[in-house]
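All heavy atoms count here, side chains included; hydrogens, waters and symmetry mates do not.
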Amino acid sequence: MSVVEHVREMASAGLHSNVRLLSGLLLTMSGNNPELFSPSQKYQLLVYHADSLFHDKEYRNAVSKYTMALQQKKALSKTSKVRPSTGNAASTPQSQCLPSEIEVKYKMAECYTMLKQDKDAIAILDGIPSRQRTPKINMMLANLYKKAGQERSSVTSYKEVLRQCPLALDAILGLLSLSVKGAEVASMTMNVIQSIPNLDWLSVWIKAYAFVHTGDNTRAINTICSLEKKSLLRDNVDLLGSLADLYFRAGDNKNSILKFEQAQMLDPYLIKGMDVYGYLLAREGRLEDVENLGCRLFNISDQHAEPWVVSGCHSFYSKRYSRALYLGAKAIQLNSNSVQALLLKGAALRNMGRVQEAIIHFREAIRLAPCRLDCYEGLIECYLASNSIREAMVMANNVYKTLGANAQTLTLLATVCLEDPVTQEKAKTLLDKALTQRPDYIKAVVKKAELLSREQKYEDGIALLRNALANQSDCVLHRILGDFLVAVNEYQEAMDQYSIALSKKLSIESLIG
C-alpha cells in the first residue's frame, strides 16, 4: 500500500486532522521533488488536504487547494490523452480511486456559500454539464438561483431534483415558494405516490403548503389540521411547527403559542420556529420564559440564528435596543435569510431613530416573506415615524390588495388612515369590518378604542372593551378600559382595571427595573 493510499484510507475513516498533517507534509515533499509522486497521486493529495481544511472550516484555504487540485486534474487529463497507457498495471486501479472532479466542484461551491460568495458558487456549479449534475448539485443550484432572484433557473433546477428524487420535499417547497401551481408539483410525484403504500397523504401535504405559499392561511391551517389528525401523522413536529407559524401569520397568537409548546414538548431539541415562539412570549411580557428559552437554545446550538433572535427579543422588550441590534446582526450573520432576525434588527434600528436603515431591513424581510403581514407592519411603522404618510398609505393599500381583505389587513390600513384627519371615517369603516370578521382581534379593538376616545364616545368604548375582554385577558385592553372608566367617573372600577393590567405587566417591570 502506497503512502497516498494510506492518506485515502484515513480520509475514508474520517481522520481529518491526521490527513491534514500527513498530506501537508507530502505536498511539501512533492514541491521539493516533482518526480516523487505521479500527477494522479498529487491530485489526490490536494483533494484530501482540501477536504481536511473544509472540515476545519478554513473555507478560503480549502478553495485554494481545490483550485490547485482541478488544475492538476486538467494537466492529468491532457497527459492521459497524449499518453493513454503508461505500461504500469498498478495505474488502472489507482485511476479508478481518483476523487470525482464533480464532487470537488461541489465542495468548492459549498466553500463559496460559507464565504457568502454566491456568485462564485453559481459559476462553479454552472460549469458542470447538465447531464453530470447530481441531485445535490441541482438542489444547491436551485437554492442559489432563488436567492439571486433567478426564478426561472431555480424552478428548472428544482424540477430536475424532483425528476431524479420525486420525494424530495424541500424541492417541492422550493417550487411552491416560486409560485409553481400545487397541481403541477403534485403531478411530478403522482407515480411514486401510487406505487408506494401509505403515501396517500403526500398530495394533501402538497396542497396544504401550496395554500401556505399563496398566503391563504385559513385553508392552509384547515388542510394541515386534517393531516395532523390522521393517526399516522399525529404529533409530527414539522406539521405542528407549520401550524404554529400559520396561526402566528393569521394573528392568532394564543393558538400559535400552544402549537409551539406542543412541538417543543415532542422534541426538546427543536430549533426551527423557536425565534417566532420567543418573539410571541416577549410580546406577552413573559420575559423570564424568553430568557430561559434563549439559554436552552444556546445549549443546543449557537450556530443557528434562532437563539440569537430569542435573546434579542428579550433585550428589545427590556428596552435595551443597542443590545437587540447587536444580537439581530449576529443572527443575520449566521443566516441572512432569517426573517425574524431582519425584523428584530429593523425594529431596534427604528426605536434608536435610525429609520432609513430600518427601512432597508424591513424591505429585505418583505422580499423573503411576501405573505407575512408583520414585515409590512414594520415598514409602515417606519414610514409613519418619519411622517411619510403618503408612502405608508400606498404600502397599506398594496398589502390590502395583495393579501386580501382580512381583519389584519383592514386594521393595518385603518391604522394609517387614523394618521390623517381626512380619512378618519374610512378608518372607522375599516375597523368595523375587521371586528365583524374577528371580534377578538386585539389590534383592531385597540385602534377602534383609540378612535372612540378621540370622538369622546366613552360609553361605546367601554362596551367594546368589555366585549373584547369577555373571552380573553390582555393588559393593554385592561389599561385602556381603565382610562375610559376614569373619563366617565367610574374611579373604583378603573382602579380595578389598572390593577389587573399592572399585575400582568409585573414580570416585565421587575426584569426591566
Side-chain angles (χ1 to χ4, degrees), residues 251-254 280 282-287 317-319 347 350-351 373-374 377-378 380-381 383-387 389 392-393 396 406-513:
D252 188 348
N253 294 347
K254 183 180 177 181
L280 289 172
R283 277 194 60 175
E284 287 205 343
R286 294 165 58 181
L287 295 191
Y317 282 91
S318 299
K319 298 184 180 179
R350 182 192 64 223
N351 284 22
L373 189 77
D374 52 339
E377 287 176 333
I380 287 171
E381 283 175 20
Y383 287 144
L384 294 178
S386 56
N387 292 318
I389 296 174
M393 187 66 77
N406 56 55
Q408 294 167 283
T409 56
L410 287 163
T411 304
L412 182 60
L413 184 54
T415 301
V416 180
C417 290
L418 283 171
E419 296 296 317
D420 188 345
V422 179
T423 52
Q424 297 291 297
E425 279 303 313
K426 184 180 179 181
K428 183 179 179 181
T429 303
L430 291 166
L431 289 170
D432 286 341
K433 286 182 180 179
L435 288 168
T436 300
Q437 287 190 22
R438 279 185 58 185
D440 63 338
Y441 187 46
I442 291 176
K443 287 185 178 179
V445 174
V446 169
K447 288 300 172 183
K448 182 66 184 291
E450 182 183 322
L451 185 59
L452 292 171
S453 178
R454 290 182 189 180
E455 296 174 345
Q456 297 184 355
K457 294 180 179 178
Y458 301 117
E459 293 294 346
D460 290 346
I462 290 169
L464 170 74
L465 292 162
R466 286 195 198 283
N467 184 55
L469 286 166
N471 298 313
Q472 62 186 329
S473 184
D474 179 83
C475 61
V476 174
L477 297 186
H478 284 292
R479 179 188 58 76
I480 297 172
L481 179 54
D483 293 342
F484 274 75
L485 288 165
V486 167
V488 295
N489 302 320
E490 295 285 348
Y491 299 115
Q492 183 55 54
E493 193 180 351
M495 287 292 292
D496 294 339
Q497 294 298 327
Y498 289 140
S499 296
I500 296 170
L502 190 61
S503 67
K504 289 186 170 296
K505 294 275 284 181
L506 192 59
S507 60
I508 299 178
E509 299 299 331
S510 62
L511 284 165
I512 295 173

Reported [atom1]-to-[atom2] distance for the pair [X] and [Y], which is rounded to 0.5 angstrom:
| X | Y | atom1 | atom2 | result |
| --- | --- | --- | --- | --- |
| M393 | I380 | CE | CD1 | 9.5 Å |
| L410 | L431 | CG | CG | 8.5 Å |
| Q497 | I500 | CD | CD1 | 4.5 Å |
| Y498 | H478 | OH | NE2 | 13.0 Å |

Could you check if a side-chain atom of [X] sits within less than 4.5 angstrom of a side-chain atom of [Y], using non-hydrogen atoms only?
| X | Y | value |
| --- | --- | --- |
| L435 | L464 | yes |
| I480 | L465 | yes |
| Y491 | L485 | no |
| S318 | L287 | yes |

Can you run down the salt bridge (Lys or Arg N to Asp or Glu O under 4.0 Å) pairs that involve residues 486-503, sequence neighbours left out, and say none if there aren't any?
-> R466-E493
Is the side chain of S453 donor-acceptor paired with the backbone N or O of A449 at a distance under 3.5 Å, no angle test?
-> no
Please tabulate, one pair per line, all N/O donor-acceptor pairs under 3.5 Å involving side-chain atoms of residues 411-422, not counting sequence neighbours.
| from | atom 1 | to | atom 2 | distance (Å) |
| --- | --- | --- | --- | --- |
| T411 | OG1 | A407 | O | 2.6 |
| T415 | OG1 | T411 | O | 2.7 |
| D420 | OD1 | V422 | N | 3.1 |

Write out all pairs satisfying side-chain hydrogen bond (donor to acceptor under 3.5 Å, both in side chains) with one or both partners inside residues 429-441, taking only residues at least two apart or from two chains.
-> D432-K448
Smallest separation among heavy atoms of F484 and G461, with atom names = CE2-CA, 3.5 Å
Exercise: identify the closest heavy-atom pair between A282 and Y317 = CB-CD1, 3.5 Å
Evaluate side-chain contact (heavy atoms from CB on, under 4.5 Å) for L280 paired with E284, printing each intermediate quantity in order.
-> CA-CA 6 Å; L280 289 172; E284 287 205 343; 5.9 Å; no
With sequence neighbours excluded, what pairs up with [X] under the salt bridge (charged side-chain N to carboxylate O under 4.0 Å, His left out) test?
| X | answer |
| --- | --- |
| E377 | K443 |
| E450 | K447, R454 |
| D460 | none |

Does CG belonging to N471 count more than 12 external heavy atoms closer than 6.0 Å?
-> no
